Trainee: 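Have a look at this one.
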Amino acid sequence: MLFWRWSLRDLRRRWLSVVAIAIVIAIGTGVFAGLGSTSAWRRSSNDASYALLHMHDLELRLSPGTIAPQGALAALVADLTGTAMVTAVQERLIVSRQVDASTGSKVVLVPGELVGADLSPDAGVDRLSISSGTRPQAGGGGGGGQVILEEKFAQHYHLADTGSLVLAGGTPVRYTGVGVSPEYFLITGVADAGFLAEANYAVVFTGLAESQRLAGLAGQVNDIVIGLAPGTDRDAIGAQLAAAVRSNGALSGTVETRDDDPAYRLMYDDIGGDQKLWNVLSALILIAASIAAFNLIGRIVDAQRREIGVQMALGASPARIVRRPVLVAAQIALLGALLGVVVGLVVGAAMRGLLVSLLPLPVWSTPFQVGTFLRAAVLGFVLPFVASVLPVRRAVRVEPVDAIRTTHLAVRGTRLTALSRRFRIRRHADSLRRLPLRNVLRAPRRTLLTALGVGAAVSALVGVMGMLDTFNTTIRIGEHELLVAAPDRVMTRLDGFQLVAGAVVDDIRALPQVRSADPELELPAIVYTGSRTTEIDLLLQVLVLHPSAGSDSWAPSISRAAPAGGRPGIVLAAKAAVDLGVRPGDVVTVQHPLATGPTSYTMRDTDFTVIGVHPSPLRSLAFVDSGNQSVFGLTGVTNVIQVRPAVGTTGDDLRRALFDMPGVASAQPVAAITDLFRKALEQFLSFLLIAAVAVLVLALLIAFNSTSISVDERTREHATMFAFGLPIRSVFALIAKESVIVGVFSTLTGLGIGYLLVRWMMISIVGSIVPDFGFTISISAMTLGIALFVGVASVGLTPLLLIRRLRRMDIPDALRIME
Amino acid sequence: MTAAIGTRIDLHGATRQYRIGENTITALDRVDLHVDEASLVVILGPSGSGKTTLLNLIGGLDAATSGTVAVGGQDVTGMSRSARFGFRRRCVSFIFQTFNLLPGLTALENVQFGADVAGRPDAAERARAALGDVGLGDRLDHFPHQLSGGEQQRVAIARALATGNPILLADEPTGELDFRTGVQILQLLKAQADAGLTVLVVTHNREISRVADRVIELSSGRVISDGPPVGGRAEIADLQW
């Protein structure tokens with residue numbers, strides 16, 4: 001009981017430090033708990049959302065251009081031997097359609113698809129969830145040009161819950177609400193947009209009959225989705241279905257299980273990857289908090305050195321002596337763990353908000369993660385104990401006579417102190433000017449502990465903010481590369497391959513809104529080197545790599561150019577070159593399509609010389625000069641055209657003109673690609689911002705606490721200075737200078753470690769989550785500024801917060817303090 | 001500067017009370033005191049008698065609850081806190097029982113610190129000279145922890161001397177030292193009084209008081225005797241404790 005009361009008094013005396021340490025621990029454990037909860041939330045929300053909307057188990061999608069009479073696909077399923085296990089089937093018609101969702105204030109012309117399906121609320125499979133508005137009339141069957149607009153697309157453009165759209169071909173439709181079906185929790189349907197492409201892809205749901213009417217395919221379907229009873233072997237039924245399709249001479253298509261669905265797969269795969277990043281981030285913050293807690297608690301125990309010596313002198317056993325510091329640590333731990341739960345709930349709420357806005361699932365299940373919070377609370381509780389062990393051990397190993405010695409002999413130097421004496425300091429005329437640096441050097445352990453605490457905070461800060469910077473720089477580089485020339489160009493994708501000298505291209509060129517139209521080829525490919533240990537998917541763009549002087553066409557920036565050496569040349573992304581381990585001049589093998597007839601292709605492996613690298617962060621982008629079109633058997637044909645608007649024509653006018661042209665699949669401004677790029681990375685930015693805020697608070701607290709304790713430890717010296725009449729401002733200046741010296745040292749160390757952390761996290765962690773991006777590691781001036789502010793300015797200015805303490809110092813009392 | 005300020009110390013009804021919880025402790029109770037210039041005055045008394053409080057009031061480290069404390073004609077009691085800082089820079093110098101040297105500075109720098117704070121333009125030279133005076137001319141570059149207790153206290157005295165201030169206030173300056181070292185310190189203090197400074201030494205050691213020009217004895221915050229040492233002044237060499 002005595003020790004309990006004693007430790008409580010210790011806490012009361014140092015309540016400010018205690019609260020600050022507890023908050024430091026709370027931030028460490030709270031961020032750990034808050035970030036750690038997201039994977040469980042996402043998994044359970046995914047499960048609940050897919051279950052609610054009865055995500056299909058199997059899907060048969062007919063080959064592009066292939067259709068079947070309504071009922072034919074259902075009949076195919078009905079004939080399967082495992083049909084008893086089929087719980088629901090739904091035939092659908094899915095066709096590509098450009099969508100004009102422009103409002104009075106903005107032009108929204110995007111590619112998309114029209115999905116004709118059962119829109120009734122009790123559909124047996126792939127049910128549509130309406131988040132706002134109403135289902136189309138006619139029992140949800142859709143009719144009279146009524147549709148439902150995909151939710152994320154509507155959100156992205158801030159479209160109203162109901163409104164009008166125009167489908168390519170000039171067909172007006174009215175959307176009565178916005179919603180989502182399970183396949184579209186993530187949008188994956190647009191070329192080179194990657195995932196989260198809702199900005200550039202509009203999905204429009206309507207009833208099957210209405211879709212047939214709108215598409216001009218009365219009574220036709222091209223897709224069927226199937227629900228199976230729980231426990232059914234999906235693969236077995238899928239194989240039966242595939243065999244049935246193959247044996248049906250009139251049909252061709254692919255059968256996929258739900259696990260093959262790219263959105264479904266990503267919804268789950270993403271969780272593990274993201275959690276890895278959150279784990280690293282929370283570990284980083286936890287480590288910084290641990291170091292700080294270790295530092296601060298250690299110094300509290302150090303301050304009890306003499307009292308511990310007295311106890312030893314009185315014959316108290318070490319086991320008895322450690323009770324007090326351990327109780328103090330326990331009380332701080334308890335407070336830290338409790339506050340950690342609060343911080344965890346706050347971080348969790350912020351993460352939940354972000355997740356819900358990024359992924360508008362019909363069900364978000366975010367229960368309190370008892371296990372995660374318990375783990376964090378245990379960590380928060382154990383940390384202070386661990387932190388107190390070393391200083392307590394040191395304290396009880398000192399001879400009592402040394403511990404209770406109060407005067408000159410008490411201020412013995414350590415080996416570090418002796419080492420520090422070797423640094424000769426230039427003698428200023430004024431002894432006061434020497435004092436700050438001398439103080440820093442004379443107590444190296446104290447200096448190192450302070451620097452360690454502040455440095456850890458700066459490292460964590462630079463680590464997290466450096467990731468933000470790296471994302472931003474990567475985005476900027478990507479944008480700059482795409483927009484460096486012809487930024488007003490509209491990337492016009494065609495329906496299949498068209499002759500460069502054909503009608504479609506000629507018609508586009510003839511438009512009065514068009515200034516120039518440069519045909520290109522865009523082909524999927526795979527690149528690898530001899531050992532084939534690394535294969536990278538490519539989006540190969542075949543264009544004029546070196547436009548003639550005066551041309552305003554866009555071409556990639558090529559660095560480290562090398563001659564092709566008699567082979568076709570390829571320009572790879574710098575990241576692809578690194579991953580493949582090749583440099584300009586090396587040879588790579590590209591597996592690419594080779595046209596074998598007007599509509600037939602085969603895959604062919606061709607050796608290419610790497611003739612340079614381009615700076616785009618997109619690893620999949622690769623360029624081949626149009627002079628090599630014959631390698632693909634596609635001489636004189638195109639599937640993508642760089643179109644530039646005529647003078648006086650806006651990009652939107654041009655896109656409107658292209659919208660309804662035959663043979664045009666989509667017309668997107670090149671800036672839309674950079675938007676997608678930004679969008680893809682911004683999801684990380686939002687989450688990182690939460691971590692950055694936590695780290696900033698943590699860093700400020702650590703800086704304040706470390707400096708505050710340092711000032712406390714110097715009380716007697718300051719009292720001596722006051723006794724000699726040194727004004728408070730001069731003493732404050734001394735403290736501030738000393739703090740700044742430590743701050744500079746800490747910040748430089750923190751910046752160095754922080755940079756290494758950013759490198760490691762971006763290359764090893766984020767690089768494994770999003771391997772298709774090549775990140776340019778960077779630390780922005782703002783991050784440097786904030787790090788300097790935290791590490792130098794806040795540390796230097798912390799004495800300002802303590803100035804009241806200096807003013808109110810009881811000088812005679814402080815002079816009697818025994819060290 | 002010394003001449004302009006003067007060293008006369010006058011206390012009229014000086015009282016210092018502390019509130020500790022509900023209780024009021026009177027550390028110094030209506031003390032009247034006058035100290036002339038250039039003398040070695042010992043303030044004697046047992047622990048808790050108020051002698052350190054008296055020293056703190058004279059040195060402007062503390063303020064009287066009532067009554068007045070004037071040093072060199074300046075009313076220290078009525079001074080603002082910042083004015084007391086200035087007063088301490090110009091008028092008094094402290095020597096503490098536990099030395100209170102700044103551990104980050106060498107012996108020379110510690111002494112120079114005193115001169116710097118007091119605004120002496122020739123601080124470094126004064127510091128060297130002061131250390132020479134206390135017999136530490138060969139220990140200039142040693143840090144406090146490299147010095148013995150007696151050496152540290154001599155550095156503290158040198159620091160006080162280097163300020164050039166006319167009043168030295170020493171609180172138990174020999175309390176931490178052995179007899180032989182204590183004697184050396186007393187000799188140094190006596191020499192300063194002989195050289196024209198006013199030296200107030202607080203001690204509980206009656207033997208030490210024998211070397212003073214005047215002994216003021218306190219008990220329970222009151223002056224119970226004030227005059228030359230009982231039995232007459234002794235030489236330092238005759239002391240035993």
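Lettering of chains follows the sequences in order, A, B, ..., and the numbering in each one begins at 1. Because the structure is a prediction, the values reported are computed rather than measured.
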Trainee: When only pairs under 4.5 Å are counted, which of B:Leu55, B:Val117, B:Leu101, B:Asn56 shares the most heavy-atom pairs with chain A?
Mentor: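 So the answer, after comparing B:Leu55, B:Val117, B:Leu101, B:Asn56, is B:Val117.
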Trainee: Ignoring hydrogens and angles, tell me if any N or O in the side chain of B:Arg16 forms a donor-acceptor pair with the backbone of B:Ala27 under 3.5 Å.
Mentor: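 Checked: no pair found.
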Trainee: What part of B:Arg84 gets closer than 4.5 Å to chain A, counting heavy atoms only: side chain, backbone, both or neither?
Mentor: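 Neither part.
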Trainee: Name the member of A:Asp810, A:Ile811, A:Leu435 that forms the most heavy-atom pairs with chain B at distances under 4.5 Å.
Mentor: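 Counting heavy-atom pairs under 4.5 Å, the top option is A:Leu435.
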Trainee: Where on B:Phe94 is there a heavy atom nearer than 4.5 Å to chain A: the side chain, the backbone, both, or neither?
Mentor: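 B:Phe94 touches chain A through backbone and side-chain heavy atoms alike.
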Trainee: Please identify which of these residues, B:Leu200, B:Leu169, B:Asn100, B:Leu189, meets the side-chain contact (heavy atoms from CB on, under 4.5 Å) condition with B:Ile95.
Mentor: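 Passing option: B:Leu189.
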Trainee: Please table the atom pairs, donor to acceptor, closer than 3.5 Å between any side-chain atom in residues 19-26 of chain B and protein atoms at least two apart or in another chain.
Mentor:
{"residue": "B:Arg19", "atom": "NH1", "partner": "B:Thr24", "partner atom": "OG1", "Å": "3.2"}
{"residue": "B:Thr26", "atom": "OG1", "partner": "B:Gln17", "partner atom": "NE2", "Å": "3.2"}

Trainee: Quick one: what part of B:Thr52 sits under 4.5 Å from any heavy atom of chain A, side chain, backbone, both or neither?
Mentor: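 Side chain of B:Thr52 only, per the 4.5 Å heavy-atom cut-off to chain A.
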Trainee: Check the side chains of B:Glu109 and B:Thr106 for a donor-acceptor pair under 3.5 angstrom, ignoring hydrogens and angles.
Mentor: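 Yes, because at least one side-chain N or O of B:Thr106 sits under 3.5 Å from a partner of the opposite role on B:Glu109.
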Trainee: Measuring heavy-atom distances to chain A, does B:Thr163 have an atom under 4.5 Å in its side chain, in its backbone, in both, or in neither?
Mentor: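 For B:Thr163, the side chain is the part near chain A, not the backbone.
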Trainee: For B:Arg90 and B:Asn165, test the side chains for any donor-to-acceptor distance below 3.5 angstrom and give the result as yes or no.
Mentor: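 Result is no, nothing qualifies.
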